[in-house]
Number of protein chains: 2
Amino acid sequence: MPNRSLKPKLPKSPSGCPMDSLLRLLMGQWTCYILWVLCTNGPLRFGELKRNVPGLSSKVLTERLRMLEESRIIFRDHHPSIPPQVTYGLTERGKELLTALDELFEIAKRWCVEDESVASPESL
Amino acid sequence: MPNRSLKPKLPKSPSGCPMDSLLRLLMGQWTCYILWVLCTNGPLRFGELKRNVPGLSSKVLTERLRMLEESRIIFRDHHPSIPPQVTYGLTERGKELLTALDELFEIAKRWCVEDESVASPESL
DNA sequence: AAGGGTAGTTACCAAAAAGTACCTACTTTC
DNA sequence: GAAAGTAGGTACTTTTTGGTAACTACCCTT
């Protein structure tokens, strides 16, 4: 049986600022992308999730999932069958978080369009 | 004269996703905190900014400011007087971004309160 | 005339993060 | 009977970051 001992080691936010803890969590590479995949695809098994994020290693995926689970942003549903079946999905907190991240996404898209129209002006 | 040659080296988002570029920018340590300080205090000079973010080194501050300037999230106002006077502040883009980040901040605060009330339930 | 403040830059080093490869234990499929 | 798939864990290496200290050039203050 896997012992789930991989240490997530969030530095525990010495400043005590709530935003600091949240940023520290989201700032890790892949983290937001993992959340976005879980949001658009619904709950996924470990392997499916990994296949949906090309380039992501098992090690890092496990770390990220542990941190997100600990913060109750995602849930972990474990069926100790053979082969084992573990499903991850967004909790209510996770969905709430995604609505905020979605706003960032909208901004990113808007800026991208703006930048393109600056790069190639319509005056031809 | 400082030659402003410090390479910001954003990995240029190989995936081409707009959100990826934005996250790559915001994800760096201190970046969001710098933006928050500029938002709450208004435009600040380099030294003032540094003093407002304890623990942040000149090197990293310069790197972050260059990246944010390049993305037009902050502006850089340079008066080549002696001593030199350089002021940084949020652009319209920056202010737009901060409204989105503020929502994350609200979520972080709410969760923090929730977690405390779970840790010490009112049933005494 | 020595020290401090201005806004950085550079080189060097230490720490943290991420990637790689290989391992479990069991079943199903080829 | 060997390979592949399940969900990770472990050890090792490499890459990326961030911090430190010293430096620029010029002025004002003590």
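Below, chain A is the first sequence line, B the second, and so on; all start at residue 1.
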_5'-most by nearest nucleotide on DNA chain C - A/P83 or A/S57_ = A/S57

*Which one, D/dT6, C/dG19, D/dG9, comes nearest to the side chain of A/P84?*
D/dT6

_Rounded distance (Å) that lies between atom P of C/dA15 and atom NZ of B/K59_ = 15 Å

*Between atom CE in A/M27 and atom P in C/dA18, what is the gap in whole Å?*
10 Å

*The side chain of A/R76 lies closest to which of these nucleotides: D/dG8, D/dG18, C/dA7?*
D/dG8

*Atom NE2 of B/H79 and atom P of C/dT6: how far apart are they, to the nearest Å?*
16 Å

*Please figure out whether A/W30 or B/R45 has its closest DNA chain C nucleotide nearer the 5' end.*
B/R45

_Euclidean distance, A/E69 CD relative to A/R76 CZ, rounded to 0.5 Å_ = 6.0 Å

_Nearest-Å distance for atom pair CG/P, residues B/L61 and C/dT6_ = 13 Å

*For A/R64 and C/dA17, is the shortest distance between a side-chain N/O and OP1 or OP2 below 4.0 Å?*
no

*asked:* Could you tell me how far apart A/Y88 (OH) and D/dG8 (C1') are, to the nearest whole angstrom?
replied: 8 Å

*Counting heavy atoms from C-beta on, name the nucleotide in C/dC26, C/dA7, C/dT9 closest to the side chain of A/I82.*
C/dC26

*In whole Å, what is the span from the CG atom of B/L65 to the C1' atom of C/dT6?*
15 Å

*Between A/T87 and A/R45, does any side-chain donor sit less than 3.5 Å from a side-chain acceptor?*
no

_Closer than 3.5 angstrom, by distance alone: can the side chain of B/S81 be matched with the main-chain N or O of B/P83 as a donor-acceptor pair?_
yes

*asked:* Could you measure the distance from the CD atom of B/E63 to the CD atom of B/Q29? Nearest 0.5 Å is fine.
replied: 11.5 Å

*Got more than 12 heavy atoms from elsewhere within 6.0 Å of CH2, B/W36?*
no

_Minimum-distance nucleotide (side-chain atoms of A/R66 versus D/dG18, C/dG8, D/dG9)_ = D/dG9

_Without decimals, in angstroms, what is the distance between A/F46 CZ and D/dG8 P?_
6 Å

*Would you mind reading off the distance between A/R24 atom CZ and D/dG18 atom P, rounded to a whole angstrom?*
12 Å

